Participant: 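Provided herewith is a single structure, encoded as structure tokens, for subsequent inquiry.
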Amino acid sequence: MKPKRITVVIPIMIIVMAVALWMLNKDFSEIQLGIRLIIAIGAALFSGLISYFLFPENERRKRS
């Protein structure tokens, strides 16, 4: 993984995990905390994988 991609992927994963935990705590508080954490971690990993492939590696070179 390239350092430029890491600077984009990691914050996206953190934001997605925080929002997923907030939504699960707000709407589905009857689900156990461990299950909510597993769901949020899965969402963060999935969003990180998607953003890794969707954001171009060398955006400046492709535009020129």
Side-chain angles (χ1 to χ4, degrees):
M1 191 179 277
K2 303 288 182 175
K4 290 183 181 180
R5 284 190 176 178
I6 291 175
T7 58
V8 174
V9 171
I10 299 297
I12 289 173
M13 291 175 67
I14 292 171
I15 291 170
V16 167
M17 185 168 178
V19 170
L21 280 173
W22 174 71
M23 291 177 72
L24 287 169
N25 284 331
K26 186 181 88 168
D27 298 332
F28 300 101
S29 59
E30 66 273 2
I31 299 175
Q32 295 176 357
L33 178 63
I35 301 299
R36 285 183 281 174
L37 283 173
I38 291 172
I39 293 169
I41 290 170
L45 291 174
F46 187 66
S47 68
L49 182 70
I50 289 173
S51 63
Y52 177 78
F53 288 111
L54 286 181
F55 286 108
E57 184 175 348
N58 297 322
E59 187 173 335
R60 291 182 184 163
R61 290 186 199 166
K62 290 181 180 180
R63 289 186 179 180
S64 299

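Note that the structure is predicted; figures quoted are calculated from it, not measured.
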Participant: Going by the side-chain contact (heavy atoms from CB on, under 4.5 Å) test, name the single residue among Leu45, Ile39, Ile38 that passes it with Ile41.
Facilitator: Leu45

Participant: If I compare all heavy atoms of Ala44 with all of Met13, which pair ends up nearest, and what's the gap?
Facilitator: O-CG, 3.2 Å

Participant: Quick one: name the residues clustered hydrophobically with Trp22, using the 4.5 Å side-chain heavy-atom rule over I, L, V, M, F, W, Y, and just say none if it's on its own.
Facilitator: Ile15, Val19, Met23

Participant: Using the test side chain to side chain contact (heavy atoms under 4.5 Å, CB included), find all partners of Ile14 that sit at least two apart in sequence or belong to another chain.
Facilitator: Ile10

Participant: Are Val9 and Phe53 connected, step by step, through hydrophobic side chains (Ile, Leu, Val, Met, Phe, Trp, Tyr) whose heavy atoms are closer than 4.5 Å?
Facilitator: yes

Participant: Checking Leu37 now: which residues fulfil side chain to side chain contact (heavy atoms under 4.5 Å, CB included) with it, not counting sequence neighbours?
Facilitator: Leu21, Leu33

Participant: Hey, what do you get for CD1 (Ile50) to CD1 (Ile12), rounding to the nearest 0.5 Å?
Facilitator: 10.5 Å

Participant: Would Phe55 and Arg5 count as a side chain to side chain contact (heavy atoms under 4.5 Å, CB included) here? Give the steps.
Facilitator: CA-CA 8 Å; Phe55 286 108; Arg5 284 190 176 178; 5.9 Å; no

Participant: Is there a donor-acceptor pair under 3.5 Å between the side chain of Ser29 and the backbone N or O of Lys26?
Facilitator: no

